[in-house]
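Report on the following structure.
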Amino acid sequence: MMKAVRVHRFGGPEVLTYEEVPRPTPAAGEVLVRVHAAAVNPPDWYRRVGYTNVPESMRPEPPLLPFIPGSDISGTVVAQGPDVTEWQEGDEVFGLVRFPSPNNGARAYAEYATAPAAHLARKPATVDHVRAAAVPMAGLTAYQFLFDHIGLAWDKKVLVNGAAGGVGHFAVQLAKTRRATVVGVASGRHKDFLHALGVDEFVDYTAGLALPTDVDVVVDTVGGPKAYELVPALKPGGVLMPVFFGDYRREEAPVTFLSGQVHSDGGQMAELARLIDAGQVTVGIDSTFPLAEAWKAHTRAEQGHIQGKIVLVVSHNS
Ligand SMILES: NC(=O)c1ccc[n+]([C@@H]2O[C@H](COP(=O)([O-])OP(=O)(O)OC[C@H]3O[C@@H](n4cnc5c(N)ncnc54)[C@H](OP(=O)(O)O)[C@@H]3O)[C@@H](O)[C@H]2O)c1
């Protein structure tokens with residue numbers, strides 16, 4: 001048996017129940033990871049509420065109940081399923097596990113989680129498990145949007161909306177690895193944080209959205225009903241990358257839209273680990289909570305204005 005957090009009915013943070021559940025067994029191609037830390041990501045609470053926040057036309061089937069939320073882990077390999085040659089017991093690994101998958105395949109809010117070997121990479125040596133766990137979904141989203149979807153060229157001007165959040169703060173830093181001039185849009189309290197990450201121009205959206213008009217690429221992690229206000233920041237023919245749903249008034253916008261869904265990728269996790277160990281990417285931590293208090297972490301997530309990532313710490317004391 002092991003301790004885990006499960007959702008038995010859709011609802012607010014209070015439905016996150018800390019309890020004893022069977023310890024999972026790795027299948028072929030999988031390892032069992034003793035989880036030291038697991039990140040909180042927006043899809044965790046979208047699932048917790050049964051996806052009622054997603055526009056109806058795009059709403060996925062709600063997950064089967066009960067389920068263990070979470071997709072991002074950092075921990076130690078403690079067992080291997082058949083056919084696993086990449087990982088040995090004792091290896092320290094991190095990754096975005098089985099994402100996307102219709103029924104929350106990762107089950108990260110737990111003392112132990114199974115993971116396909118190919119979804120993991122060696123944990124960066126220069127950070128602890130809390131910082132490593134903060135990377136997978138947010139880091140891979142930024143990586144896949146900037147490098148897979150558009151193959152960001154050198155020396156472009158990139159605007160990141162929601163720059164201080166999980167995806168945003170990685171997008172800022174990954175754009176800088178291509179020598180981009182980066183405009184960070186966030187509320188005023190994040191100004192110093194974002195300058196420290198390399199942002200060249202800071203826009204406090206709470207003081208009016210005074211945007212430049214010569215941007216090559218916009219990464220919008222916010223979306224929403226006023227998303228179209230970002231369009232004038234782009235040069236004609238620029239690229240707008242919505243990370244979430246938004247009203248961009250696309251028919252009027254003289255720009256290219258490119259989007260996508262983040263997916264597990266151990267090879268890209270290894271590249272993120274390399275950038276972290278090289279000091280080119282740092283990991284912002286908004287707050288940490290014990291696994292048993294996952295409901296407090298979700299309460300924090302719903303308050304918004306996140307700076308970096310929220311992470312659950314798994315103590316293995318019980
Ligand atoms: N397409 C995909 O595959 C994919 C993958 C990952 C995430 N997502 C989605 O991307 C979104 C962001 O995820 P995340 O993990 O980065 O969330 P997050 O950590 O909560 O960050 C959101 C950030 O946006 C800022 N913000 C809020 N309103 C703003 C506004 N009007 N203008 C500018 N900034 C604003 C917030 O702080 P301040 O307001 O204080 O600045 C916060 O720092 C979520 O909706 C998530 O579901 C999609």
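Indexing begins at 1, ligand by ligand and atom by atom, following the structure's order. Residues: numbered from 1 along the sequence shown.
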Geometric N/O contact H190 with ligand 1, under 3.5 angstrom = yes
When you look for heavy atoms under 4.0 Å from ligand 1, do you find them on the side chain of N41, its backbone, both, or neither?
-> neither
Report the member of N161, L140, V243 with the shortest heavy-atom distance to atom 10 (O) of ligand 1.
-> V243
Name the closest protein heavy atom to atom 13 (O) of ligand 1, giving the residue it belongs to and the distance to 0.1 Å.
-> P42 CG, 3.7 Å
Residue selection (non-hydrogen contact nearest atom 38 (P) of ligand 1) among H305, E302, R189 | H305
Should F245 be listed as contacting ligand 1, given a heavy-atom distance under 4.0 Å as the test?
-> no
Atoms in ligand 1 flagged as close to Q261, the criterion being non-hydrogen separation under 4.0 Å | 3 (O)
Where on S187 is there a heavy atom closer than 4.0 Å to ligand 1, on the side chain, on the backbone, on both, or on neither?
-> both
Proximal atoms of ligand 1 relative to A186 (non-hydrogen, under 4.0 Å) | 41 (O)
Tell me yes or no: between the side chains of T76 and H36, is some donor less than 3.5 Å from an acceptor?
-> yes
Is there a nitrogen or oxygen of V262 sitting under 3.5 Å from a nitrogen or oxygen of ligand 1?
-> yes
Answer yes when D91 and K123 have at least one side-chain N-carboxylate O distance shorter than 4.0 Å, and no when they do not.
-> no
Would you say ligand 1 has an N or O under 3.5 Å from any N or O of F145?
-> no
Distance filter under 4.0 Å to A164 heavy atoms, resulting ligand 1 atoms | 43 (O)
Joint cluster assignment, V283 & V314, ILVMFWY side-chain distance < 4.5 Å | no
Do the side-chain N and O atoms of D277 and T126 include a donor-acceptor pair separated by under 3.5 angstrom?
-> yes
Looking just at side-chain N and O atoms, do Q268 and Q144 make a donor-acceptor pair shorter than 3.5 Å?
-> yes
Approximate separation, where rounding is to 0.5 Å, of T299 OG1 and L16 CG | 8.5 Å
H298 ring center near Y109 ring center (under 6.0 Å) | yes
Protein contact to atom 16 (O) of ligand 1 [nearest heavy atom, distance to 0.1 Å] = V167 N, 2.9 Å
Could you see which bit of I306 sits under 4.0 Å from ligand 1, with heavy atoms only: side chain, backbone, both or neither?
-> both
With clusters built from Ile, Leu, Val, Met, Phe, Trp and Tyr whose side-chain heavy atoms come within less than 4.5 Å, directly or transitively, what are the remaining members of the cluster of L209, listed by chain and number?
-> L159, V183, V185, V203, Y205, L211, V215, V218, L230, V231, L234, L240, Y248, V255, F257
Decide, yes or no, whether a salt bridge links E201 with K157 under the criterion of side-chain N to carboxylate O below 4.0 Å.
-> yes
Under 4.0 Å between a Lys/Arg side-chain N and an Asp/Glu carboxylate O for R274 and E271?
-> yes
Heavy-atom contacts with F244 under 4.0 Å: which atoms of ligand 1 show up? List them by number with element.
-> 45 (O), 47 (O)
Shortest protein heavy-atom distance from atom 44 (C) of ligand 1, along with the residue and atom involved | Y46 OH, 3.4 Å
If you measure from atom 2 (C) of ligand 1 to every heavy atom of G139, G260, A163, which option wins on shortest distance?
-> G260
Which of the listed options, G165, G184, G188, holds the heavy atom that is closest to atom 22 (C) of ligand 1?
-> G165
Regarding R48 and the six-membered ring of F67, is the cationic atom NZ or CZ under 6.0 Å from the ring centre and inside 45° of its axis?
-> no
Give yes if a backbone or side-chain nitrogen or oxygen of G166 is under 3.5 Å from a nitrogen or oxygen of ligand 1, and no if not.
-> yes
Distance under 6.0 Å and angle within 45° of ring axis: R59 vs Y51 = no
Classify the angle between the aromatic ring planes of Y112 and H316 as parallel (below 30°), tilted (30 to 60°) or perpendicular (above 60°).
-> perpendicular
Classify the side-chain pair T114/R98 by whether it contains a donor and acceptor separated by less than 3.5 Å.
-> yes
Residue and atom name of the nearest protein heavy atom (relative to atom 5 (C) of ligand 1), distance in Å to one decimal = T141 OG1, 3.1 Å
Among protein heavy atoms, which lies nearest atom 39 (O) of ligand 1, and at what distance?
-> Y205 OH, 2.5 Å
Nearest neighbour in protein (non-hydrogen) for atom 11 (C) of ligand 1 | T221 O, 3.2 Å
Can you tell me the protein heavy atom closest to atom 24 (O) of ligand 1 and the distance?
-> G162 CA, 3.5 Å
